[in-house]
Amino acid sequence: MYEKNGDKYFIVDAHVHLWDGRESNQRNIHGKQFIDCFYDYHKNLSPEEQVWDYDTYCYYGADRLWNDLFVDGPVDHAIFQATILREFYVNGFAQVDDSLKLAQDNPGKLTYNHAYDPRDGEQGLVQLRRDAETMQLQGVKLYTAEWHGDSRGYKLDDPWSRRYLEECINLGIKNIHVHKGPTIRPLDRDAFDVADVDKVATDYLDLNFIIEHVGLPRLEDFCWIATQESNVYGGLAVAIPFIHTRPRYFAQIIGELLYWIGEDKILFASDYALWTPQWLVERFVDFQIPEDMTEYAPITVDQKKKILGLNAAALYPNIEVPEELRIPTDAADPGVEVAAGAKDAVSA
């Protein structure tokens, strides 16, 4: 439990990884390009004292993850978002077995979301059904720019993708986390475009679409979609570390999100081990919109509590928030009027 100035925060890190980017696991040059690009993000957006050495970053293991999240870190619950990348890594980038076991051994602390690729066709649907049962899936992580043979990406509204989304509904998998953010070498930027979110969110109201990285660098497109679609949420992974290197840019990002989609649809995420959650949480709790950026309202403590954990907990019924850390349902909600105003403007 994180506490500052007498306020207690229930922290849910909605996007963490346990990966193996070592040379021994790289299938080809693209595996090296991918982990090198990850490391560049980490090195260039982190405070100097938070930068890891390259070898540790490539492979840090379950013990380090546990310590950084739950011992030295402030996290109460974390959600694995598996990224497989079969074309780049011999055994996959995500350490699936270790992540799943850690989550199964510690259900109060960890939730495991697996991945699928609709380009696997009927065989993939069979595997999804098997995974849903054995892994007790509540969510999945989709990488629309992942390579698959000669294909370098797919759209969420492709026919096969729709079949998989329909199967998720049948299987009770409600939370669809989608990487729609900055490109990662060697993946193609356009394959992360957010336009396809609009179609599937409209057509599959039984699903929640959590758009990781809030669509950056397409924040405006994402906001216009998410303010109209009640089942579209924004994950702050990659966006939130700009709180260190570009605080005014982060102020713009969070200000726009609060204006357009409201405080109830924004989820904190460290994208561990891209960044560790401790400094991100500390900076966000202390953060305030600069006074001269008058187009944005100040961020309240209750809004921060929702973003840092309560919103993610609302999407995952297995995450139990202690009674004393919940916000009363009749509490004042200063962001509602702003968000509602944005929605009314769009509807008009």
Side-chain angles (χ1 to χ4, degrees), residues 14-21 25 27 31 61-62 65 77-151 153-180 191 196-197 200-201 203-212 231 235 312 315-319:
H15 192 146
V16 303
H17 302 277
L18 189 59
W19 67 54
D20 183 357
N25 191 35
R27 186 179 297 277
L65 175 142
H77 197 100
I79 303 172
F80 280 115
Q81 306 290 355
T83 301
I84 308 300
L85 299 173
R86 291 175 296 188
E87 298 288 334
F88 301 164
Y89 294 95
V90 176
N91 298 311
F93 185 60
Q95 295 183 268
V96 172
D97 292 343
D98 290 346
S99 301
L100 180 61
K101 185 177 188 309
L102 200 60
Q104 290 175 336
D105 290 346
N106 301 277
K109 288 289 189 182
L110 287 161
T111 295
Y112 179 76
N113 285 352
H114 198 45
Y116 67 70
D117 191 320
R119 292 166 294 185
D120 288 334
E122 290 288 355
Q123 182 179 354
L125 281 174
V126 172
Q127 187 63 51
L128 175 59
R129 297 182 191 111
R130 185 180 300 123
D131 291 340
E133 180 178 359
T134 60
M135 298 178 177
Q136 313 236 309
L137 297 178
Q138 299 180 65
V140 291
K141 168 70 181 303
L142 306 183
Y143 227 65
T144 58
E146 185 163 354
W147 292 7
H148 189 286
D150 293 333
S151 170
Y154 68 92
K155 299 295 185 184
L156 292 174
D157 60 323
D158 287 347
W160 269 108
S161 177
R162 287 180 175 274
R163 288 189 62 180
Y164 276 67
L165 293 173
E166 290 159 5
E167 192 62 28
C168 283
I169 295 174
N170 296 335
L171 295 169
I173 302 172
K174 291 184 63 68
N175 298 311
I176 312 298
H177 294 253
V178 192
H179 179 116
K180 293 288 190 179
D196 53 344
V197 175
V200 294
D203 293 344
Y204 301 108
L205 294 175
D206 291 331
L207 299 174
N208 302 313
F209 292 90
I210 300 93
I211 307 308
E212 302 294 348
N231 55 341
L315 297 179
Y316 284 85
N318 65 305
I319 301 177

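In this chain, residues are counted from 1 in sequence order.
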key: Intermediate values then yes/no, side chain to side chain donor-acceptor pair (under 3.5 Å), Q136 and Y112   = CA-CA 9 Å; Q136 313 236 309; Y112 179 76; over 6 Å; no
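- When all heavy atoms of Y154 and S161 are compared, the pair lying nearest together is CE1-OG, 4.2 Å.
- Taken from CZ in F93 to CZ in F88, the straight-line distance is 11.0 Å, to the nearest 0.5 Å.
- Of the possible donor and acceptor atoms, none in the side chain of N91 sits under 3.5 Å from a partner among the backbone N and O of N25.
- Nearest heavy-atom pair across Y164 and G121 is OH-O, 2.5 Å.
- Considering all non-hydrogen atoms of both residues, L205 and N231 come closest at CA-ND2, 3.7 Å.
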task = Would you check, one step at a time, whether the test side-chain contact (heavy atoms from CB on, under 4.5 Å) holds for F209 with L142?
result = CA-CA 10 Å; F209 292 90; L142 306 183; over 6 Å; no
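- The line from NE2 of H17 to CD of Q81 is 7.5 Å long, rounded to the nearest 0.5 Å.
- Under the 4.0 Å criterion applied to side-chain N and carboxylate O atoms, R119 and D158 are not assigned as salt-bridge partners.
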request  = Please assess W160 against E122 for the test side-chain contact (heavy atoms from CB on, under 4.5 Å), listing each intermediate value before the final yes or no.
outcome  = CA-CA 9 Å; W160 269 108; E122 290 288 355; 3.7 Å; yes
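- A donor-acceptor pair under 3.5 Å is absent between the side-chain atoms of R86 and the main chain of H148, judged by distance alone.
- When all heavy atoms of L125 and E167 are compared, the pair lying nearest together is CD2-CB, 4.0 Å.
- Side-chain atoms of Q127 and D120 form no donor-acceptor pair, as typed in the model, at a separation below 3.5 Å.
- For the side-chain contact (heavy atoms from CB on, under 4.5 Å) criterion with T111, the lone passing option out of V16, I79, N106, N175 is I79.
- Atom CD1 of residue I169 and atom CG of residue D206 lie 5.0 Å apart, to the nearest 0.5 angstrom.
- Proximity of a side-chain donor or acceptor of T144 to a complementary backbone N or O of K155 within less than 3.5 Å is not detected.
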task = Check the pair Y89, D20 against side-chain contact (heavy atoms from CB on, under 4.5 Å), reporting the backbone distance first and the verdict last.
result = CA-CA 9 Å; Y89 294 95; D20 183 357; over 6 Å; no
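- Screening H15, K141, H179 for a side-chain hydrogen bond (donor to acceptor under 3.5 Å, both in side chains) with E212, the sole residue that qualifies is H15.
- The six-membered or imidazole ring of Y116 lies away from that of H114, with a centre-to-centre distance of 6.0 Å or more.
- Contact annotation: the side chain of E146 approaches that of L85 to within less than 4.5 Å [non-hydrogen atoms, C-beta and beyond].
- Atom-to-atom distance recorded for C168:SG and L137:CG is 8.5 Å, nearest 0.5 angstrom.
- Distance check: I173 CD1 to R129 CZ gives 11.0 Å after rounding to the nearest 0.5 Å.
- Although no hydrogens or angles enter the test, the distance criterion places no donor-acceptor pair under 3.5 Å between the side chain of D157 and the main chain of R162.
- Around atom CG of D97, no more than 12 heavy atoms belonging to other residues, nucleotides or ligands sit under 6.0 Å away.
- What you find for Y204 and E166 is that their closest heavy atoms are OH-OE2, 3.0 Å.
- Residues I211 and V197 form a side-chain contact, since some pair of their non-hydrogen atoms from C-beta on lies under 4.5 Å apart.
- Taken from CG in N113 to CG in L100, the straight-line distance is 11.0 Å, to the nearest 0.5 Å.
- Contact between A62 and L102 at its shortest, heavy atoms only, is CB-CD2, 4.2 Å.
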